[in-house]
Structures are given as structure tokens and as C-alpha cells.
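Working notes, structure below.
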Amino acid sequence: MDEFNKETINEENLAELSNDEIKEIIFKSNDRQLSFFHRIAQCNIIMSYSQLEDLIQEDNIYEYIKNRDEKEILSSSYNRLINSFNKNNLDMTEKEIDEEVKGLLEIRKELYSLISAMEGYEIELSYMIELLNYQMMKLSGEKEYKNVKVDYKEIEYIIDIIERELNNSIHQYNAFIEKVSKIVGIVPFRMSKFKYFSIIESTLKRNFVSYPLNHVETKIEDYKLTFDSSLMGDYGVLFDHCFAQIQKFKNTDFKTKSSEELEKILDEMDILWTKILKIKTFIYVQGILSNKLIGMYLIKKKLNESLLNYSIFEEWLKYLEEPSEQLLEELLLKSKEELENIGSKFLEESAYLDKLSEKIDGRDEKIYEEIEDEMLSNLDIIKCIGDEDFVKYEVLFNKDSEIITEDYLEQIIDSLIRYINRSIVSMGNLERKIRMRRLLSYIDLPFESSEEFIEYVEYSLDERVVSREEILFTIDALNYIFSQTDEEGQ
């Protein structure tokens, strides 16, 4: 059969096709899907451009960045990314494409360093806000709960609700984890350091057994960052104006401040929080834009130019000739319509491949190996365009599927415990508890059983070890989250 496509293939003539013809059909389908990814990336980039322009024009994002070098890096990377997009439709040699991808990867690496620093400031500021809020809760609680006693029947009622919530979601893994994490993040932290480290060690050994080494290393680094970002990477080096403001908050003794003074400090924190999030968003969107462009150039290198559709890109070039708000709105609308259209085509292509896969079952094993090799060669492209988290380069393009050994798992968990132990030395009692509680809430299922978890909650609501105001505040907070859960379930 010399000529075939998905419209002409049917059950009758499929049996007549040779292995090479079957491969060609599947490879052509893969190429069509890659061309869809290329079109998706074009639409995503146009939408990212609109978001970045809003941050520049409406939010004056560059005014938030005090360091001239960092401002220049972000301005330059933005211009380079847009210029790269503008020439994606040009005829290019393989060498030129490789050089373009190399340049984009350098931009991506630089952006990742910047966003890592901002994430560190975001985490550290969030701890300062939590410490301040605790002090405000304590001051308001002394008034609000002045004549209120702890009702132990209400504690029993709360425990019953927790048990019911856990039982209701016992077969829904993600929902179960989320509920445990929320509760751990709310109840007062009451646990010895040695018990804490024992739970961390046993939980991570259980959670990471038989996991890829790279995945475990990344998660451990995330846990370190979550617990204390000030010891990581470029914290205090990049965006030093953020560092200076956070240090000012860290050096403030909230216990000596009145409610009015705390409110004023909280306003300052909120302003810095907004600035950090806007700068982080500006970096993040550029990072995602770099992902899309890398994927587009890898597709351009792999596919024949005739398979690539630049219709939305042509509209983009028209906008560049005479930029206006109206033309951009029209372009964004066309991009959304294009994405919906591509979504339908993806479904058609998937259904076609599923049907084809059913009919070639039992063919020579070699055909499956060759098809699998072709699909694996496209994996980096798909991962790059699909990366909406802007993950570390080594994670995104990791080809090592080695499973972590028991010995190395013990070593890497021990490195986390030593990191935490070193970090808490300089902390006050309250800050230590808040940080230890947050990390515990971030780790999946940090108890051996539901019974052990319930015992922990009961102990955390015991008036012999926790202040009356904190227990009453916690009960109100738990009642609130359970009422929200009930509303969502209705």
C-alpha cells in the first residue's frame, strides 16, 4: 500500500499493511501531535507576552527591583525571549537551531537562579508573618477568650469530626493527605525534637522507598528550603533589598509590641509580600516562556517545515507592525480559540492511535521497540512545553531512572535532619515550633497510623501543655475549615 493516511485506513486494509507501513502511520501521527504542541506554544507565548506587558506597563515591575544588575538581567532576558519568538518562523540550519536552544537554556538557568532566591524570601517572610499573627492572636485572645473556658466536650466533638473526615477520605489518597496536612498545619506543635526527627526519618523512609534517586534528592532539597531558606543558594545575595527588609522584621521582638504597632508592621509585611510575588511572577512567566521556546525550536529541528502551522504567528507579526490594545485583545481571543481547536484535534489523534494500537497487537516485537524509541525521543520536547512549574533543569531533562538505594536514602534523610538541627540552634522556641510544624504538614502522611495522628491532635489540644487561648483559637480554626469542607461537598 503506497499511500495511506488516517482517513483511508480501516480494519480491512490494516491487516494488509507491513510493519514498516504501520510504523510510518504512527510516526506521522506523532509528527502531527508535535505540530500541535508547536501551535500550542505559540498561543501560550502570546498570552505570556500580554501578562508580562501588564506587569511592566501597569504594575511598573522594574520599580520594584532596586538592584541595577538584576533589573538589567530581567529586562535583557525578556527582550531576548521575544526576539527569539519573532524569528521562530525563519529558515534555520540545524546548527543555528542548536545555538538558539543553547542561548535559551542559558536564559532559563539565569531565571531559575533568580526565582529560587525570590522563593526563599517568600518563605522567610511567610514565617515572619506567621510569628506576628501568633502574637496578634495571643493579644486578641486574651480579650476575646477572657471569660471562656475550654469545653472538653467540644474537643471530643472536634476529634470525632477529624476521625469522620479521615474515614470518609480513606480511599481517596490525595484528599486524605490534604486533610491531614491542613490539620497538622493548624494544631499547636507539641513534640520533642527527638520524637520529631524520628517521625521525619521513618516517614521519609516509607515514602521514598523504590523512588528514583533524582526525585528523592529534589524533594529533600525542597524540604530544606521549606524549613529554612536563609541557608540556601543565593539568599541574601540576589535582590538584597528584600533580604534587608526581612532581616529588619527578623530583628523585631513582636512580644514587646502593642496591637496597633503589630498592625502597622503587618501592613509593611503585606507591601513587601506583594512586591515579592510580583517580581516572582515576572520571573516565572519568563521562565515558562523560555520552556515554550525551547520546545518550539526542538520541534522545528525535528519536523519538516511544511508540517508547522504559523497562522497565529502571522497575526502576531501584524500586531507588532501596529501594536494597539484592541489588536492585542483580538490576538488573545484568537489564541484561545486556536487552543480549543487544537484540543479537539488532539482528542481525534489520540482516538485514532488507540484504535490503531488495538489492531496491531501481536505484531513483531521489533515494531514496538522502534515505536517506543521514537516516542521517547519526543519526551524532552513534551516535558519542556508541558512544564508549568518551571522546575530545575536537572529535573526537567533527567534521564536517570536509577532507584535510590536504602543506604543512600538513609544518608540523604540524615542530611535533612542535620540541616534542621543546625538551623534551629539560633531560633527562639516559638519560631522553632512554627517551622517544625510547617515542614511536618508538607510531608505526606507523617504518622504511622490514623490512631497515632489522633493521639497527636489530642495532645496538642491538652490544656496542661497548651495555653487556653491557643486551644480555643485552634478549635475555632478547625471548625472553620471543616465548615468549608462541608460547603464544598454540598
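Only a predicted model underlies this, so the values are computations on that prediction, with no experimental measurement involved.
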Between [Y] and [X], is there a side-chain heavy-atom distance shorter than 4.5 Å?
X	Y	result
F397	C384	yes
L111	S77	yes
P212	I404	no
S460	F189	no
E154	I475	yes
I246	Y235	yes
L439	I420	yes
E338	I40	no

Pairwise distance [atom1]([X]) to [atom2]([Y]) - rounded to 0.5 angstrom:
X	Y	atom1	atom2	value
I443	L204	CD1	CG	4.5 Å
M128	I434	CE	CD1	8.5 Å
L298	M296	CG	CE	11.0 Å
L81	Y49	CG	OH	13.5 Å
Y408	L213	OH	CG	5.5 Å

Is it the case that over 12 heavy atoms from other parts of the model lie below 6.0 angstrom from the [atom1] atom of [X]?
X	atom1	value
K383	NZ	yes
F473	CZ	no
K250	NZ	yes
E388	CD	yes
Y157	OH	no

Which heavy atom of [X] sits nearest to which heavy atom of [Y], and what is that distance?
X	Y	value
S335	C43	O-SG, 3.6 Å
D387	R108	OD2-NH2, 3.1 Å
I294	L104	CG1-CB, 3.6 Å
F390	S290	CE1-OG, 4.3 Å
I299	H38	CD1-N, 3.8 Å
L262	K257	CD2-CB, 3.7 Å

Indicate yes or no for a side-chain donor-acceptor contact from [X] to the backbone of [Y] under 3.5 Å, with no hydrogens or angles considered.
X	Y	value
S84	R80	no
R437	V187	yes
S350	L347	no
E263	S259	no
S169	E165	yes
D389	V391	no
S483	Y480	yes
S75	E72	no
N214	V395	no
D59	I61	no

task: Could you walk me through whether H215 and F208 pass the side chain to side chain contact (heavy atoms under 4.5 Å, CB included) test, one step at a time?
output: CA-CA 9 Å; H215 171 83; F208 291 143; 4.3 Å; yes
Are [X] and [Y] within salt-bridge range, i.e. N to O under 4.0 Å?
X	Y	result
D151	K153	no
R418	D414	yes
K264	E260	no
K146	E469	no
E268	K248	yes
E124	R438	no
K205	E201	yes
K224	E221	yes
E470	R190	yes

query: Does the pair K193 and N421 meet the rule for a side chain to side chain donor-acceptor pair (under 3.5 Å), with working shown?
result: CA-CA 9 Å; K193 184 174 73 171; N421 207 22; 3.1 Å; yes
Would you please indicate if the ring centroids of [X] and [Y] are separated by under 6.0 Å?
X	Y	value
F282	Y64	no
Y134	F254	no
F227	Y419	no
F346	F37	yes
F239	F243	no
Y456	F447	yes

Side chain to side chain donor-acceptor pair (under 3.5 Å) between E53 and Y78, worked out: CA-CA 10 Å; E53 282 297 303; Y78 177 49; 2.6 Å; yes
- request: Any chance you could lay out the side chain to side chain contact (heavy atoms under 4.5 Å, CB included) test for Q135 and L430, step after step, and finish with the verdict?
  value: CA-CA 10 Å; Q135 187 60 27; L430 177 61; 5.7 Å; no
Do [X] and [Y] have side-chain N/O donor and acceptor atoms under 3.5 Å apart?
X	Y	value
Q245	Y121	no
N168	K179	no
D476	Y145	yes
T405	D407	no
Y173	E178	no

field: Pair S181-Y442, side chain to side chain contact (heavy atoms under 4.5 Å, CB included): steps then yes or no
entry: CA-CA 6 Å; S181 295; Y442 275 28; over 6 Å; no
- prompt: Could you go step by step and tell me if M436 and M191 meet the side chain to side chain contact (heavy atoms under 4.5 Å, CB included) rule?
  reply: CA-CA 9 Å; M436 292 171 84; M191 190 184 294; over 6 Å; no
